Peer 1: 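First the structure, which I've put down as structure tokens, then a few questions once you've had a look.
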Number of protein chains: 2
Amino acid sequence: MLRLSKLTDYATVILSFMARDKIQVHAAIEIAAVTGIALPTVSKILKSLVNANVLISTRGAKGGYILARKPQQITVATIISALEGPIALTECSISRQGCEQASGCDIGGNWSLINKTIHNALESVTLADLIRPVVVSEEVLVPVSSIYR
Amino acid sequence: MLRLSKLTDYATVILSFMARDKIQVHAAIEIAAVTGIALPTVSKILKSLVNANVLISTRGAKGGYILARKPQQITVATIISALEGPIALTECSISRQGCEQASGCDIGGNWSLINKTIHNALESVTLADLIRPVVVSEEVLVPVSSIYR
DNA sequence: ATTAAATAGGACTAGAATAGTCCTGAATTA
DNA sequence: TAATTCAGGACTATTCTAGTCCTATTTAAT
Ligand code: FES
Ligand code: FES
């Protein structure tokens with residue numbers, strides 16, 4: 001289905017909340033309360049985002065999490081790879097070796113091109129775009145029927 | 001990891017073989033032998049491709065599978081959705097209702113835009129492109145280091 | 001007709017990945 | 001010192017994927 005994991009989806013929800021809120025520092029328990037996501041899960045996600053340098057954490061009383069950069073500087077690609085690892089459709093997109101599909105697959109180069117295109121698409125959208133009030137013009141929505149041709 | 005399922009990968013291997021071969025009709029068992037993929041698995045994939053109108057099947061002795069269209073008219077997007085269903089990163093990319101993430105996610109419209117971009121990327125590459133001898137210019141390969149920023 | 005070749009459809013199992021929880025330790029503040 | 005809050009990792013349960021298999025149907029050849 002080529003879809004994002006649930007955790008990545010949660011991450012965008014959490015980050016959107018943090019980006020929108022005037023207050024800078026948010027504790028995990030607070031984010032859990034606001035978003036409705038269970039605390040342990042929120043915690044796990046926040047840790048991943050810290051490791052990816054999207055958030056900065058402060059321990060101890062009055063501690064919490066804060067955005068490491070401005071929303072305009074946090075791309076969707078970054079968020080996805082923070083939670084799911086490298087963005088790569090096929091094995092050979094990551095490393096040329098180690099793939100070697102059952103005899104005869106030699107299409108690595110072309111997949112890389114596709115992969116690069118997708119990566120660019122995800123790089124071009126930032127957290128700031130996600131929280132921008134949506135202008136839902138009908139033309140922008142993907143017509144589901146067109147998915148099957 | 002935002003990656004294709006193994007079955008989809010197999011499908012591209014199978015279709016590449018079929019597109020390259022001069023002979024039109026191929027039985028499942030023959031494809032299994034050539035590609036090295038187990039027969040039951042090959043069978044399963046071929047059935048999905050028939051349902052998606054990518055292949056046409058003929059039953060009985062001397063039967064088999066044949067491409068339903070020219071390789072230039074079979075897009076990667078079609079192959080992927082044949083095996084994995086609609087290409088959609090988030091739930092709300094498919095249907096606006098039914099999503100309603102834990103309180104406060106209202107980013108559907110922007111995701112749709114991203115989704116459309118990716119869909120277009122996958123639409124723009126066909127089976128004919130995949131079997132074209134790869135010109136592996138180094139600039140085209142995705143630098144893995146750039147995946148983490 | 002009969003037999004052999006081949007796909008259709010779906011049920012089923014095993015394995016892997018994901019989602020979610022929990023515990024223990026370390027840092028910071030009051 | 002006590003309370004708060006994150007770090008890191010282990011662990012479980014659930015869901016999804018991959019892979020297999022069985023029975024029915026269709027077609028061709030004899
Ligand atoms: S998927 Fe890697 S060579 Fe084909
Ligand atoms: S993922 Fe659907 S509304 Fe946010």
Side-chain angles (χ1 to χ4, degrees), chain A residues 1-11 13-14 18 24-33 35-68 80 82-86 88-91 101-102, chain B residues 1-11 13-14 18 23-33 35-68 80 82-85 88-91 101-102:
Chain A
M1 228 227 266
L2 193 67
R3 77 158 186 284
L4 264 39
S5 75
K6 243 187 202 174
L7 294 182
T8 305
D9 204 345
Y10 291 162
V13 173
I14 291 171
M18 292 181 74
Q24 301 282 307
V25 181
H26 297 279
I29 194 170
E30 181 202 344
I31 294 172
T35 61
I37 304 167
L39 175 59
T41 303
V42 167
S43 244
K44 187 181 193 174
I45 294 166
L46 291 172
K47 286 172 200 168
S48 297
L49 292 171
V50 167
N51 286 331
N53 293 111
V54 173
L55 295 179
I56 293 172
S57 63
T58 319
R59 293 207 226 189
K62 306 262 173 174
Y65 297 88
I66 186 175
L67 292 181
I80 293 175
L83 276 290
E84 311 188 21
L89 295 180
T90 56
E91 289 307 317
Q101 217 47 264
Chain B
M1 227 226 267
L2 193 66
R3 77 158 185 283
L4 263 39
S5 77
K6 242 188 201 174
L7 293 183
T8 305
D9 204 345
Y10 291 162
V13 174
I14 291 171
M18 293 180 75
I23 300 166
Q24 301 282 305
V25 181
H26 296 279
I29 195 170
E30 181 202 344
I31 294 172
T35 60
I37 304 166
L39 176 57
T41 304
V42 167
S43 243
K44 187 181 192 174
I45 294 166
L46 291 172
K47 286 172 201 169
S48 297
L49 292 171
V50 168
N51 286 331
N53 293 111
V54 173
L55 296 178
I56 293 171
S57 64
T58 319
R59 295 210 227 188
K62 306 264 175 171
Y65 297 88
I66 186 176
L67 293 181
I80 293 175
L83 275 290
E84 312 187 21
L89 295 180
T90 57
E91 289 308 317
Q101 216 48 266

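To find a chain, count down the sequence lines: A is the first, B the second, and so on, and within it residues start at 1. It should be emphasised that the depicted structure is a prediction, and the values quoted were computed from it without experimental measurement. What you see below is based on every heavy atom in this structure, not just the backbone, and it leaves out hydrogens, waters and symmetry mates.
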Peer 1: B:L55 CG to C:dA8 C1': how many Å, rounded?
Peer 2: 14 Å

Peer 1: Start at the 5' end of DNA chain C and walk down; is the nucleotide closest to B:R59 or to A:T8 reached first?
Peer 2: B:R59

Peer 1: Tell me the closest heavy-atom pair linking A:A82 and A:S48, and the distance in Å.
Peer 2: O-CB, 4.0 Å

Peer 1: With the side chain counted from C-beta on, respond yes when A:T58 and A:V25 share a heavy-atom pair under 4.5 Å apart, and no when they do not.
Peer 2: no

Peer 1: Between A:Y10 and C:dA19, is there a side-chain N or O to OP1/OP2 distance below 4.0 Å?
Peer 2: no

Peer 1: What is the distance, to the nearest angstrom, from the NZ atom on B:K44 to the C1' atom on D:dC16?
Peer 2: 11 Å

Peer 1: When the distance from NZ of A:K47 to C1' of D:dT5 is rounded to whole Å, what number comes out?
Peer 2: 11 Å

Peer 1: May I have the distance from B:I31 (atom CD1) to C:dA6 (atom P), rounded to whole angstrom?
Peer 2: 12 Å

Peer 1: Of B:T41 and A:G64, whose closest DNA chain D nucleotide lies nearer the 5' terminus?
Peer 2: A:G64

Peer 1: Evaluate side chain to side chain contact (heavy atoms under 4.5 Å, CB included) for A:L49 paired with A:L83, printing each intermediate quantity in order.
Peer 2: CA-CA 7 Å; A:L49 292 171; A:L83 276 290; 3.8 Å; yes

Peer 1: Side-chain N or O of A:S5 less than 4.0 angstrom from OP1 or OP2 on C:dA17?
Peer 2: no

Peer 1: Choose from D:dA18, D:dT5, C:dT7 the nucleotide whose nearest atom is closest to any side-chain atom of A:A27.
Peer 2: D:dT5

Peer 1: Can you establish whether the number of heavy atoms outside B:I29 located under 6.0 Å from its atom CD1 is more than 12?
Peer 2: no

Peer 1: For A:I37 and C:dA19, what is the distance between atoms CD1 and C1' respectively, to the nearest whole Å?
Peer 2: 12 Å

Peer 1: DNA chain C: A:T58 or A:L39, which has the more 5' nearest nucleotide?
Peer 2: A:L39

Peer 1: Between A:K6 and D:dT15, does any side-chain N or O lie under 4.0 Å from OP1 or OP2?
Peer 2: no

Peer 1: Tell me whether the OP1 or OP2 atom of C:dA8 has a side-chain N or O from B:S57 closer than 4.0 Å.
Peer 2: yes

Peer 1: Keeping B:E84 on the side-chain end and B:S5 on the backbone end, is there a donor-acceptor pair under 3.5 Å?
Peer 2: yes

Peer 1: Taking CD1 from A:I56 and P from C:dT28, how many angstroms apart are they, rounded to a whole number?
Peer 2: 14 Å

Peer 1: Whole angstrom is fine here: how far is it from CG in A:L83 over to C1' in C:dG20?
Peer 2: 14 Å

Peer 1: If you check every side-chain atom of B:A61, which of D:dA28, C:dT28, C:dG9 has the closest atom?
Peer 2: D:dA28

Peer 1: Take the protein atom CG of A:L4 and the nucleotide atom P of C:dA17, then report the distance between them rounded to whole Å.
Peer 2: 18 Å

